[in-house]
Amino acid sequence: MSSKTDARLAPRERLARGLKYSAVGPVDVTRGVLGLGVDSAQSTTATLRRQYRKSRLRKEIAAAQSAIAGELAAAQEVVVNLPQVLQDVRTPPQRRRRPLVVAAVAAAVLAGGAVAFSVVRRNNKPQPSPLPPSVEVTPRP
């Protein structure tokens with residue numbers, strides 16, 4: 001390594017070295033003070049950023065807690081009204097005509113199926129030809 005290799009100094013070290021050596025003192029003191037100022041500004045910015053995130057997180061948590069409280073209140077209201085709802089459901093329902101409609105539809109479907117089956121069966125039977133047979137019908141002995 002050459003003698004010109006410059007080791008990077010932290011601002012605090014540079015300030016201490018500047019105060020220690022009088023030849024490079026004013027330059028090192030100035031660089032050290034500026035470095036400490038920049039470090040301080042960065043630290044302050046990081047702290048402010050962290051505090052802002054915490055405050056925003058607190059607001060989000062408070063909003064979530066209020067939403068959960070509203071949901072719990074709604075659920076509690078539902079539970080309170082549950083006996084009345086169950087009693088309303090247990091009342092005997094009036095007779096409906098739905099079974100008659102279902103039976104009528106089923107009968108119509110069965111009748112339609114029977115008609116379709118008979119039409120298909122008729123079409124599958126071979127029609128007799130109006131022409132005379134081309135081979136003899138009676139077998140030879």
Side-chain angles (χ1 to χ4, degrees), residues 1-21 23-141:
M1 288 177 58
S2 69
S3 63
K4 292 190 176 189
T5 304
D6 191 21
R8 291 199 169 244
L9 298 175
R12 183 177 298 145
E13 293 170 343
R14 186 170 285 121
L15 179 61
R17 189 178 84 174
L19 293 174
K20 187 175 180 183
Y21 299 107
V24 275
V27 173
D28 274 348
V29 168
T30 304
R31 287 182 69 187
V33 168
L34 288 176
L36 286 176
V38 168
D39 284 350
S40 174
Q42 286 176 345
S43 173
T44 303
T45 304
T47 303
L48 290 175
R49 192 177 299 137
R50 192 177 321 115
Q51 287 177 352
Y52 173 73
R53 286 181 187 152
K54 282 183 182 179
S55 69
R56 197 169 73 190
L57 183 62
R58 282 189 205 116
K59 289 177 186 176
E60 290 175 2
I61 290 174
Q65 285 177 339
S66 65
I68 289 173
E71 292 292 328
L72 286 175
Q76 187 177 15
E77 184 178 329
V78 168
V79 169
V80 168
N81 293 334
L82 189 61
Q84 178 65 34
V85 171
L86 288 176
Q87 185 179 9
D88 293 345
V89 169
R90 287 183 183 162
T91 58
Q94 296 179 358
R95 183 182 167 115
R96 296 182 183 169
R97 295 187 181 185
R98 187 173 289 166
L100 293 175
V101 172
V102 171
V105 168
V109 167
L110 285 175
V115 169
F117 181 74
S118 66
V119 168
V120 168
R121 288 288 286 175
R122 270 193 211 141
N123 288 342
N124 284 343
K125 291 181 183 177
Q127 297 292 327
S129 176
L131 300 173
S134 60
V135 286
E136 291 183 29
V137 180
T138 57
R140 293 185 183 171

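- Nearest approach of Asp39 to Pro11, heavy atoms of both residues: OD2-CG, 3.4 Å.
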Please tabulate, for the side chains in residues 69-83, all donor-acceptor contacts under 3.5 angstrom to protein atoms that are two or more places apart in sequence or on a different chain.
unit_1: Asn81; atom_1: ND2; unit_2: Glu77; atom_2: O; d: 3.4

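- Taking NZ of Lys54 as the start and CD1 of Ile61 as the end, the distance is 11.5 Å to the nearest 0.5 Å.
- Applying the side chain to side chain contact (heavy atoms under 4.5 Å, CB included) rule to Thr44 yields the partners Ser40, Leu48; only residues at least two apart in sequence or on another chain are considered.
- Distance check, rounded to the nearest 0.5 Å: CD1 of Ile68 to CD of Gln65 gives 7.0 Å.
- Rounding to the nearest 0.5 Å places CZ of Arg49 at 9.5 Å from CD of Gln42.
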